[in-house]
Amino acid sequence: MPELPEVETVKRGLNRLAQGIQVRDVQVLWPAIIQAPAGVDDFIQRMPGQVLEYVDRRGKYLLFYWTEDLWISHLRMEGKYLLPNSEEPVDKYSHVILHLSDGRDLRYRDVRKFGRIKLYPKDQADQAIADLNLGPEPGDLQLSDLASAFAKTQRVVKACLLDQSIVAGLGNIYVDEVLFAAKIHPERLAQSLSHVELSRLVQAIQQIISQAVAKGGTTVRTYTNALGENGHYQEDLKVYGKAGQACPRCHTPIEKIKLAQRGTHFCPYCQRREVND
DNA sequence: GATATCGCCTGAAGGC
DNA sequence: TGCCTTCAGGCGATAT
């Protein structure tokens, strides 16, 4: 499932493969992918003729800067962008198709139809991005950001790290990995973390996200980047998807519980319920 | 206002 | 083999 490192990899692939593409016409095969403020008809009318200037990223969102408009695109679970030749058959999972002037298509493909694309006129871009209400990127995260957010909530630390308004870009896989690296139990109340634990947490977030970006993200289930290539960070996962296997630090079996409505993996020995400085 | 839960979706996997 | 149920999960909407 695309989290920050996977979305960053998609962004880089699109900038390499799709910068300068011009839209000829548009097909929307599953209207729910296109979300307000633009309706589907408006979307189909506005896109022809537009040229893709570049693609940026904020948290898990892709930002497509077209000549006139901005797309804010979220891949959710399994969304991906592909650039096949227009003659290639369209499979049943391709829901938004831009026919391009160079004979290719830009296709949004999403088995589960969870992803969303929003279109805004460029003069509304800054406000639209601000309205996403995202916290700092991991690379910009300060200990004080977490300390102040955690101090005013009764939630457990796992739920807080999944909250995109506290830190942008983490999803279920990386939150489990980060908490393992920082030796923090996912059910700890966020406000109970010590200064030392917060410091380890910030360090773990930054280190793991930057390593995962360097490896092109994590491929579990069906994620591939815009080139259809796999990421390689799954080889470095320590706890996610490892229930019952030995902890790489202490060999205690990794446990799996349900927390914040997510499958949650942790080592019950390394990640204690009490403060661990 | 803060927090928890539901619904969206479909394919894979497991049980019978 | 075939049918049914459960699971995976990000986020907006809705409920508490």
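As the structure is a prediction and not an experimental result, all values here were calculated from the model. Lettering of chains follows the sequences in order, A, B, ..., and the numbering in each one begins at 1. The figures here come from the full heavy-atom set of this structure, side chains too, leaving out hydrogens, waters and symmetry mates.
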Quickly work out the [X] [atom1] to [N] [atom2] distance and round it to whole Å.
{"X": "Met77(A)", "N": "dC9(B)", "atom1": "CE", "atom2": "C1'", "answer": "10 Å"}
{"X": "Asp110(A)", "N": "dT10(B)", "atom1": "CG", "atom2": "P", "answer": "10 Å"}
{"X": "Lys113(A)", "N": "dG10(C)", "atom1": "NZ", "atom2": "C1'", "answer": "18 Å"}

Quiz item: When you measure from every atom of DNA chain B, which of residues 145-159 of chain A have a heavy atom less than 4.0 Å away?
Solution: Thr153(A), Gln154(A), Arg155(A)
Quiz item: Using the rule for Phe, Tyr, His and the six-membered ring of Trp, do Phe114(A) and dC11(C) stack at under 5.5 Å and under 30°?
Solution: no
Self-check item: Pair of N/O donor and acceptor under 3.5 Å linking dA8(C) base with Arg112(A) side chain
Solution: yes
Quiz item: For Glu8(A), what residues pass the side-chain hydrogen bond (donor to acceptor under 3.5 Å, both in side chains) criterion, not counting sequence neighbours?
Solution: Lys11(A), Arg12(A), Arg57(A)
Exercise. Would you check if Tyr54(A) and Leu63(A) make a side-chain contact, meaning some heavy-atom pair closer than 4.5 Å?
Key: no
Practice problem: For the residue pair Glu197(A) and Asn276(A), establish whether any side-chain heavy-atom pair is separated by less than 4.5 Å. | Solution: yes
Exercise. With heavy atoms under 4.0 Å as the rule, sort Tyr240(A) into base, sugar-phosphate or nothing.
Key: sugar-phosphate
Could you list the protein-to-nucleotides 12-16 of chain C atom pairs, N/O on both sides, closer than 3.5 Å?
from	atom 1	to	atom 2	distance (Å)
dG12(C)	OP1	Tyr61(A)	OH	3.4

Quiz prompt | Salt-bridge criterion met for Arg46(A) and Asp69(A) (N-O under 4.0 Å) | solution = yes
